[in-house]
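Here the structure comes first, spelled out in structure tokens, and everything after it is commentary.
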Amino acid sequence: MNDKERVLDLARRYVVPHRVEVWDAFGTQLVIGRREGYRLWDLDGKELIDLHLNGGTFNLGHRNPEVIEAMLGATAELDIGNHHFASLARAELGEDLARLTPGDLTYSVFCASGGEANDVAIKTARRATGRRTVVGLAAGFHGRTGLAGAAGENSAARYFLSESDDFVTVPFGDLDAIDAALRADDVAAVIVETVPATYGFPIVHDGYLQGIRALCDRYGALYIADEVQTGLGRSGSLWAVQRFGVEPDVLVCGKGLSGGMYPIAAAVIGARVADWLHQYGWGHVSTFGGAEIGCRVAQKVLEITTRPSVRSNVDRLTSRLGADLAALAQRQSYLTEIRQTGLIIGLRVDHPDGAVYLQQELYGLGVWAIASGFDQSILQFKPGLLMDEPTVDVVLERLELALARAKDVDRPVPKRHRLATDSPR
Ligand SMILES: Cc1ncc(COP(=O)(O)O)c(C=O)c1O
């Protein structure tokens, strides 16, 4: 048994057997060994350019040297810390987040994951309004923890008998449906990903998010912006809500905040809805949330992400990809739609499962990008913030070849092998 076979054997026996089965079926059985910048190497030696970035966790690349330096510097004097007490690292990160987020967003509740931070956002809304109902998008994904898992698309909540009538869903892009949901019930919050990731990054039309904000104001509900995937520079603004001129009551971030090196997430809460933080200091408790080493990492991530040179690289990549992908669509008719908000990009192809075929073909050519879980005709195409032009050249060349190959594939993807479903298995 070689190293990779041994890992897979152990994973099948002791971790999540179904995941191993699915990647086997897709022919993309990756066991990541070495990783550096935007490149990954499978244990069998295969090299891949990473265009998945685990939803933006690796926005700044794998093992970014500056992030590692910040983390190692922190380990010289800190540890996780004790979440019951104030700490310098948590306090300074809180100050950074308050300064860098819009409107009256002020207080950070630190968490170990995006799902947990969405749970905190929902708890905040329920406490602030005294209401229970949460409105989400039918194709919204907010994590798989308790409240977050019941919000938006809830197939996993139903699978685990954890769904609740207190969570209602509406279709993406439909302000009337949100209006009707808010009118029908006493709603605590509307929770939305600023650009829904697992739904394939649909274009957010002018006025949509502002319309949600206005409806929340009219009916006294909170606006929760889930920026776990769209935050931290990918949209061209630090937070995607800023592009759309919206100030949420709670902004949730995670993934990239960790620099891909130390787990950390946060719910940043507006002063007007933060009463519970003045009354009940232990209303949310998370031993690892705001671990001090993670706070130092997150501060470095924010510092790098807001540098003018990084922002201009994002702008440069955004315009280049916009032009080159449009030209590619002219040559490859299988690519039917390009959805772009900065470096948040979804590519629709001409088959309901086509993004899975494209994912497979790209993998064969040395690019790892993933199909959208709730719409397998769309490939999530997520270049990193620091990606250089030669890497983009290679990615585009391989994408063209993969499109040409994928268009001839027509192999049904069994329900058991779907990354996410709209109904329990
Ligand atoms: C938009 C969004 N929100 C929340 C989450 C949950 O984050 P975590 O996996 O850290 O709980 C994810 C994870 O993919 C996400 O994409």
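Whatever order the structure lists ligands and atoms in, that order sets their numbers, starting from 1. No hydrogens, no waters, no symmetry mates; every other heavy atom, side chains included, goes into these values.
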How would you list, by chain and number, the residues with a heavy atom under 4.0 angstrom from ligand 1? Ser113, Gly114, Gly115, Asn118, Phe141, His142, Gly143, Glu193, Asp226, Val228, Gln229, Lys255

Working note: Lys123 + Asp119, criterion salt bridge (Lys or Arg N to Asp or Glu O under 4.0 Å); need CA distance, chi angles, decisive distance, verdict. CA-CA 6 Å; Lys123 283 161 56 159; Asp119 284 358; over 6 Å; no

Beyond-backbone contact of Val241 with Glu247, side-chain heavy atoms, under 4.5 angstrom: no

Could you tell me whether the side chain of Tyr363 reaches within less than 4.5 Å of the side chain of Trp23, counting heavy atoms only? no

Pairs in or reaching into residues 102-111: which pass side-chain hydrogen bond (donor to acceptor under 3.5 Å, both in side chains), with residues at least two apart or in two chains? Asp104-Arg272, Tyr107-His278

With a 4.5 Å limit on heavy-atom distance, are the side chains of Pro248 and Leu105 in contact? yes

Any side-chain heavy-atom pair of Pro383 and Val395 under 4.5 Å: no

